[in-house]
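One structure below.
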Amino acid sequence: MLHKILPQRFSRRLIQKTLFLFISFCSVSCSNDSTTATQPYTETDVDLGTHKLRTYQVQHQSKYLVVFESGLGDGHLAWNPSGNSAEVNELAQAVGSDILLYDRAGYGNSGLSHTARNIDRLRSELEQIIQQKAQGRKVILVGHSLGGMIIRDYAIKNPTKVAALLFVDSMHEGYNNPVVEDYIYQAMYTQFGANFGGTLEARELAEDIAYGALLPQLPNVPVVALTSMKDDATSQQSDLLNGATREQWYQAHEQLGIGLSDFTHIATVNSGHYIQLEEPELVIENILLLLSKLPK
């Protein structure tokens, strides 16, 4: 169903490698920016009435807020693998903008919700997060895997609130096959139990793919799509389960650019599905690219 079949548990070696690459890139790109050397980090809950979602934010009142949306099975640690607030500060420093990460329901320190955890619901909760945290600013949305479909739905339904979009190996109905829902659900259930956020979201995957197929084109804002074309064991398994190919994965992401005047599609063979962990500099470079296209 998804390109990623099971949530990846990050090994110590991969985390160390990621942090080294990330910090090295940050030291190059931010060495002359003393204004963001001491970023204020806050960790707060957003109360949705039925449950609370934990947010992790660096706030300096920049013109735009960069919001990160994680994939199936992942909380905010997909962007902050060490779990350390210093790493969130470094990410904000690298992109030179305020940032917001959060855990959806059933992940990390967020509360549990037993409403259907489909794209429509997840987008609605993202809307409430942004309403409370953006302070009227436009957002740049960065979405990985399932998170890519969530930010896509948000942008379509809130076009005036979105400045730009970055899709990181995003789920897409042009590749993902609804028949794999039961496989992923059972895998999540077996590994994490019934009340894990990823298990509850996996139960809605077939519906999400059908939902995605009905979405209109994106609003005409700058968009970048990153696609992993690495031929590794994970991508081979994903292709087999979805009855598709790497080329179909690439072409699905090409569809994100339909009707847009500023669309950039970048394929990489240097990282697998977790581009943000294996090539964090590629993600940062393209957030910076999007920011460079926007009014100052």
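For the numbers below, each heavy atom of this structure counts, side chains included, while hydrogens, waters and symmetry mates do not. One-based numbering along the sequence shown. Every value quoted in this text rests on a predicted model; they were computed, and no experiment measured them.
- No donor-acceptor contact under 3.5 angstrom links the side chains of S228 and S271, judged on distance only.
- A donor atom on one side chain and an acceptor atom on the other are not found under 3.5 Å apart for H144 and S70.
- With sequence neighbours excluded, no residue forms a side-chain hydrogen bond (donor to acceptor under 3.5 Å, both in side chains) with N109.
- Between V283 and I275, some side-chain heavy-atom pair lies under the 4.5 Å cut-off.
- In this structure, a donor-acceptor pair under 3.5 Å is absent between the side chains of Q57 and T42.
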- Query: Given R203 and E181, is the salt bridge (charged side-chain N to carboxylate O under 4.0 Å, His left out) satisfied, shown in steps?
  - Reply: CA-CA 7 Å; R203 187 74 287 173; E181 178 184 305; 3.0 Å; yes
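- Using a 4.0 Å cut-off between a side-chain N of Lys or Arg and a carboxylate O of Asp or Glu, R246 and D231 do not qualify as a salt bridge.
- A donor-acceptor pair shorter than 3.5 Å can be found between the side chains of K133 and T44.
- For an aromatic pair to be called close, the ring centres must be under 6.0 Å apart, and F196 with Y107 satisfies this.
- N220 and S261 share a donor-acceptor pair across their side chains, judged by distance under 3.5 Å alone.
- Partners of Y154 according to the side-chain hydrogen bond (donor to acceptor under 3.5 Å, both in side chains) rule, which considers only residues two or more places apart in sequence or in another chain, do not exist here.
- Of the N and O atoms on the side chains of E87 and N80, at least one donor lies less than 3.5 Å from an acceptor on the other residue.
- Between Y250 and H265, the distance from one ring center to the other falls under 6.0 angstrom.
- No option in W79, Y102, Y56 other than W79 meets the ring-ring contact (aromatic ring centres under 6.0 Å, His included) test with F68.
- Seen from the ring of Y64, R137 does not count as a face-on cation partner, given the 6.0 Å and 45° thresholds.
- With hydrogens and angles left out, the side-chain atoms of E43 and Y41 include a donor and acceptor closer than 3.5 Å.
- Across T227 and H253, no two heavy atoms sit closer than the pair OG1-ND1, 2.6 Å.
- A donor-acceptor contact under 3.5 angstrom links the side chains of E279 and T268, judged on distance only.
- Once rounded to the nearest 0.5 Å, the distance linking CG of D120 with CD of E204 reads 10.5 Å.
- Considering every non-hydrogen atom in both M229 and V269, the closest pair reads O-CG1, 3.9 Å.
- Under the ring pair (Phe, Tyr, Trp, His ring centres under 6.0 Å) criterion, F167 pairs with no residue, sequence neighbours left out.
- When D208, L200, T199 are each tested for a side chain to side chain contact (heavy atoms under 4.5 Å, CB included) with R117, only one passes: L200.
- When the shell of 6.0 Å around OH of Y211 is examined, it contains more than 12 heavy atoms from other residues, nucleotides or ligands.
- Going from atom OG of S110 over to atom CG of D45 covers 7.0 Å, rounded to the nearest 0.5 Å.
- Note that OG of S62 is 10.0 Å distant from CD1 of I99, once rounded to the nearest 0.5 Å.
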